[in-house]
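What you see is a predicted model; the values in this text were computed from it and never measured.
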Amino acid sequence: MFRRREPVPFAFVAEADRFRSNVTPPPRESLGLPQIAARSLVGLTVVAGLVGSLLFGMPALQPQKAPEKTQQSEAAEGR
(Lines give C-alpha, C1' and ligand atoms only; values in the text may rest on other atoms or scores of the structure.)
Protein backbone atom coordinates (compact mmCIF):
# COMPACT_ATOMS: atom_id res chain seq x y z
CA MET A 1 0.00 0.00 0.00
CA PHE A 2 2.69 2.49 0.97
CA ARG A 3 5.62 2.59 -1.36
CA ARG A 4 9.08 3.32 -0.14
CA ARG A 5 10.69 6.34 -1.65
CA GLU A 6 13.50 5.65 -4.01
CA PRO A 7 16.91 6.79 -2.87
CA VAL A 8 17.89 10.17 -4.17
CA PRO A 9 21.49 10.70 -5.23
CA PHE A 10 21.62 14.06 -3.47
CA ALA A 11 20.52 13.98 0.15
CA PHE A 12 19.81 17.70 0.30
CA VAL A 13 17.16 17.34 -2.41
CA ALA A 14 15.29 14.74 -0.38
CA GLU A 15 15.48 16.82 2.79
CA ALA A 16 14.78 20.19 1.20
CA ASP A 17 11.10 20.16 2.15
CA ARG A 18 11.96 19.63 5.81
CA PHE A 19 14.70 22.23 6.04
CA ARG A 20 13.97 25.42 7.93
CA SER A 21 16.47 28.15 8.37
CA ASN A 22 17.02 29.84 11.70
CA VAL A 23 18.52 32.86 9.96
CA THR A 24 16.11 35.73 9.49
CA PRO A 25 16.47 37.83 6.36
CA PRO A 26 17.56 41.42 6.81
CA PRO A 27 14.79 44.00 7.11
CA ARG A 28 13.75 45.81 3.95
CA GLU A 29 15.26 49.20 3.43
CA SER A 30 12.79 52.04 3.56
CA LEU A 31 12.38 53.98 0.35
CA GLY A 32 13.84 57.44 0.24
CA LEU A 33 12.05 60.51 -1.03
CA PRO A 34 13.73 60.42 -4.48
CA GLN A 35 12.72 56.79 -4.99
CA ILE A 36 9.12 57.49 -3.99
CA ALA A 37 9.02 60.51 -6.30
CA ALA A 38 10.50 58.53 -9.20
CA ARG A 39 8.02 55.67 -8.79
CA SER A 40 5.13 58.12 -8.54
CA LEU A 41 6.31 59.91 -11.68
CA VAL A 42 6.55 56.64 -13.59
CA GLY A 43 3.06 55.65 -12.43
CA LEU A 44 1.60 59.02 -13.39
CA THR A 45 3.27 58.82 -16.81
CA VAL A 46 1.76 55.39 -17.46
CA VAL A 47 -1.70 56.52 -16.37
CA ALA A 48 -1.45 59.72 -18.42
CA GLY A 49 -0.44 57.69 -21.47
CA LEU A 50 -3.41 55.38 -21.09
CA VAL A 51 -5.83 58.27 -20.60
CA GLY A 52 -4.34 60.16 -23.55
CA SER A 53 -4.58 57.16 -25.85
CA LEU A 54 -8.18 56.68 -24.79
CA LEU A 55 -9.01 60.34 -25.45
CA PHE A 56 -7.32 60.35 -28.86
CA GLY A 57 -8.68 56.94 -29.78
CA MET A 58 -12.34 57.56 -28.93
CA PRO A 59 -13.09 59.64 -32.05
CA ALA A 60 -11.73 56.83 -34.22
CA LEU A 61 -14.12 54.39 -32.56
CA GLN A 62 -17.19 56.58 -33.13
CA PRO A 63 -19.30 55.51 -36.11
CA GLN A 64 -19.03 58.03 -38.92
CA LYS A 65 -22.10 59.26 -40.74
CA ALA A 66 -21.96 58.32 -44.39
CA PRO A 67 -21.89 61.36 -46.68
CA GLU A 68 -25.28 61.96 -48.25
CA LYS A 69 -23.90 63.17 -51.55
CA THR A 70 -20.97 61.49 -53.15
CA GLN A 71 -18.22 63.77 -54.27
CA GLN A 72 -17.43 63.85 -57.94
CA SER A 73 -14.71 65.64 -59.72
CA GLU A 74 -15.45 68.45 -62.13
CA ALA A 75 -14.27 66.33 -65.00
CA ALA A 76 -17.01 63.78 -64.33
CA GLU A 77 -19.72 66.48 -64.44
CA GLY A 78 -19.18 67.30 -68.11
CA ARG A 79 -20.06 63.80 -69.30
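- Taken from CG in Leu54 to CG in Leu61, the straight-line distance is 8.5 Å, to the nearest 0.5 Å.
- Distance CG/Leu55 to CG/Leu50: 11.0 Å, rounded to 0.5 Å.
- Surrounding CD of Gln62 are more than 12 heavy atoms belonging to other residues, nucleotides or ligands, all under 6.0 Å away.
- Atom OG of Ser53 sits about 11.0 Å away from atom CE of Met58, to the nearest 0.5 Å.
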